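Counting convention: from 1, in listed order, for ligands and their atoms alike. When a residue number appears, it is its place in the shown sequence, counting from 1. In this text the structure is predicted, and so the values were computed from the model without any measurement.
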Amino acid sequence: MINDAVREDIRHSVLCWLATVDENGQPNVSPKELFTDHGEDAILIADIASPVSVRNLARNPLVCVSFVDVFRQRGFKIAGRTRLIAPVDPDFAVYGARLQELAGPDFQVRHAIHVAVTRISRIWAPSYALFPDRTVEDQQARAHAAYGVRPASSA
Ligand SMILES: Cc1cc2nc3c(=O)[nH]c(=O)nc-3n(C[C@H](O)[C@H](O)[C@H](O)COP(=O)(O)O)c2cc1C
């Protein structure tokens, strides 16, 4: 389920947005910068400072996670089931190490949030459907102009 297209958009997305629900069904959503793919069917998200998400996940492991490459104007939406992995858990060495590497020495990963993917779907900006002749490069150039961003290189 996690293929190269997903990996590419994860790499180019500054943040993912993690949605959980509390015991009353009240949704909670918050941004996470530290996330990565893990194998073919999971992503990992770092809990650095996410007490509400963690509290909700302890009761209800179901989540929805979305991320978009704002310049290419596309991304993915992932539905999944989570497992919270604390540093005392022997599995933390497997799941937490990559996140701690991403976080660097200044931030402590309190939990690795392992999201086993159950469903994944594309997110496209409406302009892809409205203007099908536009290439990804066109989309990117327009997004740079719209957001007032000058790319450092053409890569
Ligand atoms: C740009 C940005 C990146 C963030 N990245 C993370 C992250 O990777 N992990 C984390 O736990 N919190 C991260 N945060 C902080 C949480 O989003 C923030 O503490 C939020 O209030 C947590 O809410 P929650 O308890 O509902 O999850 C980030 C915040 C911002 C603004």
*Are side-chain heavy atoms of Val6 and Phe67 found at a separation under 4.5 Å?*
yes

*Run the numbers for me: atoms of ligand 1, each under 4.0 Å from some heavy atom of Pro51, listed by number.*
25 (O)

*Tell me, which protein residue and heavy-atom name are nearest atom 13 (C) of ligand 1, and how many Å apart are they?*
Pro31 O, 3.5 Å

*Does some side-chain heavy atom of Ile48 sit less than 4.5 Å from a side-chain heavy atom of Glu33?*
no

*asked:* Are Arg142 and Gln73 packed together at the side-chain level, in the sense that at least one heavy-atom pair is separated by less than 4.5 angstrom?
replied: no

_Residue among Arg110, Lys32, His111, Gln108 satisfying side-chain hydrogen bond (donor to acceptor under 3.5 Å, both in side chains) with Asp47_ = His111

*asked:* Tell me the protein heavy atom at minimum distance from atom 10 (C) of ligand 1, and give that distance in Å.
replied: Ser50 OG, 3.3 Å

*Side-chain donor-acceptor contact under 3.5 Å, Asp138 with Thr135*: yes

*Write out the residue and atom name of the closest protein heavy atom to atom 18 (C) of ligand 1, then the distance separating them to 0.1 Å.*
Ala49 O, 3.6 Å

*What protein heavy atom is closest to atom 9 (N) of ligand 1, reported as residue, atom name and distance in Å?*
Ala46 O, 2.9 Å

_Hydrophobic clusters here meaning ILVMFWY residues chained together by side-chain heavy-atom distances under 4.5 Å, can you tell me if Ile85 and Leu102 are in one?_
yes

*Does the ring center of His12 lie less than 6.0 Å from the ring center of Phe71?*
no

*Hey, which atoms in ligand 1 end up nearer than 4.0 Å to a heavy atom of Leu15?*
1 (C), 2 (C), 3 (C)

*asked:* Counting C-beta onward and ignoring hydrogens, is there a side-chain heavy-atom pair between Arg55 and Asn28 closer than 4.5 Å?
replied: no

*Measure the distance from atom 25 (O) of ligand 1 to every protein heavy atom, then report the residue, atom name and distance (to 0.1 Å) of the closest one.*
Val52 N, 2.7 Å

*Counting only non-hydrogen atoms of the protein, does one fall under 4.0 Å from atom 21 (O) of ligand 1?*
no

*Should the proximity of Asn28 to ligand 1, defined as any heavy atom under 4.0 Å, be assigned to the side chain, the backbone, both, or neither?*
side chain

*Minimum-distance protein heavy atom relative to atom 27 (O) of ligand 1*: Ser53 OG, 2.5 Å

_Those atoms of ligand 1 less than 4.0 Å from some heavy atom in Glu33_ = 3 (C), 4 (C), 5 (N), 6 (C), 7 (C), 8 (O)

